[in-house]
Amino acid sequence: MEDLDAERLYELFHPFAVQRVNGIRENNTRFVHYTNAEAAMSIIRNQEIWMRRVTCMSDYLEVMHGQGCLSHAFDGQAGKDFWKIFDDVSVDLKTEVSKLFEGWLPSFSTETYITCVSEHRDKEDIIGRLSMWRGYSGRQGVALVLKNDVFLSSGNTVGLASSPVEYLDENDFSAHLSDIVLNIKNNIDFIKGKTPENLKSYIFNMVKFAVLATKHPGFKEEKEWRVIYCPFLEKEKKLEKEIQSINGVPQAVYKIPLRNIPEFGLEGMAIPQLLDRIIIGPNDFGWPMRDAFVQLLAESGVENPEDRVFVSNIPIR
């Protein structure tokens, strides 16, 4: 019963994420990570992918965009309607959630680590997506196409969470919050049966993901999902932290192991299980790069690796 209640609460507070997850399941949509060849080689050879601090990412200002949308919505009618519902449950709930969130807000901007993937379209299996090659891959781009299982699982104990990104301006965000208010009103008897502490946790997570997974509508074509890690919220730090130099900038990274660790709830993470294919981006060295990645996959235990690596034929230099 507790699991069913938790699922229902999640659906009420995160209806748009639920819609996206259901769409991925129904269509068996894969994900793709666009990067440069050197990084892709490191991922496969070292069997790990790095999570970078949001302030070091190319689109780090998007966290500020999420904060702005959140503030605008809660300062407006949608926010007033939202808290009016919960005043009937507990007069202290708004104060407690606001205090909790404001205390952690600086850490969301400075101490949150993410890695990004995009929803992969079947028609891009050979060529990839030109805008992503241009935006995130550099001169020698590589796309790692990944199966969806691990992104839809919530059973890990290391604190990783995956979330679809919503592309919203302030008005869109307020409309989304109004829809959540309607959801809650339609289930008010169920909500009133929950403890204030339980509701505080769900409201806190709602606003946390609103900040960390909202981007400007101009990025909508990316169809991004974020794998998010907030070490300041984790009592046990199970992911390895290391200082690395990326593009000449020394910085901390957290490492997601690409291997199965059942005791941490990490299943389907090993490269032979996780990786669907590799697409080499448009460049003058596509075929030599293909040979190199075929060998890297063979060394990682992938069967028939030559059937997993493709060279994009988009005619650009």
How far apart are the C-alpha atoms of Trp225 and Phe151, what are their side-chain angles, what is the distance that settles it, and do they pass the ring pair (Phe, Tyr, Trp, His ring centres under 6.0 Å) test? CA-CA 9 Å; Trp225 285 55; Phe151 297 96; 7.6 Å; no
Would a distance-only check, ignoring hydrogens and angles, find a side-chain to backbone donor-acceptor pair under 3.5 Å from Thr214 to Glu166? no
Examine distances only and state if a side-chain atom of Asn156 and a backbone atom of Leu160 form a donor-acceptor pair shorter than 3.5 Å. yes
Under a 3.5 Å threshold, yes or no: a donor from one side chain and an acceptor from the other, between Trp50 and Gln244? no
Nearest 0.5 Å please: distance from the CG atom of Leu212 over to the CD1 atom of Ile228. 5.0 Å
Should the pair Glu124-Arg121 be classified as a salt bridge under the 4.0 Å nitrogen-to-oxygen rule? yes
Please determine, by modelled atom types, if Asn260 and Gln273 share a side-chain donor-acceptor pair under 3.5 angstrom. yes
Would Phe16 and His176 count as a ring pair (Phe, Tyr, Trp, His ring centres under 6.0 Å) here? Give the steps. CA-CA 8 Å; Phe16 306 101; His176 271 46; 3.8 Å; yes
Go through it in stages, so that I can follow the logic: the residues are Cys116 and Ile114, the test is side-chain contact (heavy atoms from CB on, under 4.5 Å), and I'd like the CA-CA distance, side-chain angles, deciding distance and then a yes or no. CA-CA 7 Å; Cys116 303; Ile114 64 173; 3.9 Å; yes
Pair Lys80 + Asp75, salt bridge at N-O below 4.0 Å: no
Angle class for the Phe101/Phe204 ring planes (parallel below 30°, perpendicular above 60°, tilted otherwise)? perpendicular
Can you see whether Phe190 has Arg8 sitting over its ring - NZ or CZ less than 6.0 Å from the centre and within 45° of the normal? yes
Ignoring hydrogens and geometry beyond distance, is a side-chain donor-acceptor pair present between Asp125 and His120 at under 3.5 Å? yes
Applying ring pair (Phe, Tyr, Trp, His ring centres under 6.0 Å), run through Tyr113 and Tyr229 and close with a yes or a no. CA-CA 5 Å; Tyr113 292 76; Tyr229 183 60; 7.2 Å; no
Which is it for Ile246 and Val253 under the side-chain contact (heavy atoms from CB on, under 4.5 Å) test, yes or no, and what are the steps along the way? CA-CA 10 Å; Ile246 302 175; Val253 301; 4.0 Å; yes
Do Asn148 and Asn28 come within less than 4.5 Å of each other through their side chains, counting heavy atoms only? yes
Non-hydrogen side-chain atoms of Arg308 and Leu297 separated by less than 4.5 Å: yes
Of the non-hydrogen atoms in Thr115 and Met51, which two are nearest, and what is the gap between them? N-CE, 4.0 Å
Is Met289 reachable from Ile271 through a run of I, L, V, M, F, W or Y residues, each pair having side-chain heavy atoms under 4.5 Å apart? yes
Taking all heavy atoms of Gly23 and all of Thr29, pick out the closest pair and write down the distance. O-OG1, 4.2 Å
In Å, rounded to the nearest 0.5 Å, how long is the span from CG of Leu70 to CD of Glu170? 11.0 Å
Check: Leu239 and Pro257 side chains under 4.5 Å, non-hydrogen atoms: yes
Is it true that Lys220 and Glu222 have a side-chain N and a carboxylate O under 4.0 angstrom from each other? no
Minimum side-chain heavy-atom gap Ile203-Leu93 below 4.5 Å: yes
Is Met269 close to Asp149 at the side-chain level, that is, under 4.5 Å between some pair of heavy atoms? no
SB check Lys147 Asp276 (cutoff 4.0 Å): no
Give the cluster check for Leu258 versus Tyr34: same hydrophobic cluster or not, with ILVMFWY residues linked at side-chain heavy-atom distances below 4.5 Å. no
Separation of Ser178 OG from Asn183 CG (nearest 0.5 Å): 11.5 Å
With clusters defined by side-chain heavy atoms of hydrophobic residues (ILVMFWY) lying less than 4.5 Å apart, directly or transitively, does Met132 cluster with Leu144? no
Taking every heavy atom of Tyr167 against every heavy atom of Glu224, the minimum-distance pair comes out as OH-N, 2.8 Å
Taking all non-hydrogen atoms of both residues into account, name the closest pair between Trp133 and Ile127 and its distance. NE1-O, 3.0 Å
Leu12 vs Asn186, side-chain contact (heavy atoms from CB on, under 4.5 Å): CA-CA, chis, key distance, verdict: CA-CA 10 Å; Leu12 291 177; Asn186 291 336; over 6 Å; no
Any side-chain heavy atom of Lys99 sitting closer than 4.5 Å to one from Glu96? no
Heavy-atom count around Gln295 CD within 6.0 Å, excluding the residue itself: above 12? no
Test log, rule side-chain contact (heavy atoms from CB on, under 4.5 Å), inputs Arg226 and Ser163: CA-CA 5 Å; Arg226 288 180 169 173; Ser163 174; 5.5 Å; no
Whether the Gln67 and Ser109 side chains hold a donor-acceptor pair (N or O, under 3.5 Å, no angle test) is what I'd like checked. yes
State whether the side chain of Asn283 and the backbone N or O of Gln140 hold a donor-acceptor pair below 3.5 Å, judged by distance alone. no
Atom pair CD1 (Ile49) and OG1 (Thr35), whose distance is rounded to the nearest 0.5 Å: 7.5 Å
Is the shortest heavy-atom distance from the side chain of Thr112 to the side chain of Phe232 under 4.5 Å? yes
Is there a continuous path of hydrophobic side-chain contacts, each under 4.5 Å between heavy atoms, that joins Leu233 to Tyr254? no
For Lys223, look at atom NZ and say whether over 12 heavy atoms of other residues, nucleotides or ligands are found less than 6.0 Å away. no
Checking side-chain polar atoms at under 3.5 Å, does Asp81 have a donor or acceptor matched by the opposite partner on Gln77? yes
Closest contact, heavy atoms only, Ser300 versus Pro272: O-CG, 3.5 Å
Side chains of Asn304 and Glu306: closer than 4.5 Å at any heavy-atom pair? yes
Looking at Phe86, Phe74, Trp83, which one forms a side chain to side chain contact (heavy atoms under 4.5 Å, CB included) with Lys94? Trp83
CD of Glu263: more than 12 outside heavy atoms within 6.0 angstrom? yes
Any link between Ile44 and Tyr136 through a network of hydrophobic side chains (Ile, Leu, Val, Met, Phe, Trp, Tyr) touching at under 4.5 Å? no
Using a strict 4.0 Å threshold on nitrogen-to-oxygen distance, state whether Glu119 and Arg20 make a salt bridge. yes
At what distance, to the nearest 0.5 angstrom, does SG of Cys230 lie from NZ of Lys208? 5.0 Å
Could you verify whether a donor N or O on one side chain and an acceptor N or O on the other, from Arg52 and Gln251, lie under 3.5 Å apart? yes
For residues Ala39 and Asn36, report the shortest heavy-atom separation together with the two atoms involved. N-OD1, 2.8 Å
Report the relative orientation of the aromatic rings in Tyr10 and His14; use parallel for angles under 30°, tilted for 30 to 60°, perpendicular for over 60°. parallel
Is a side-chain N or O of Arg259 found less than 3.5 angstrom from the main chain of Gln47, in a donor-acceptor match? no
How many angstroms lie between atom CD1 of Ile85 and atom CG of Leu182, to the nearest 0.5 angstrom? 8.5 Å
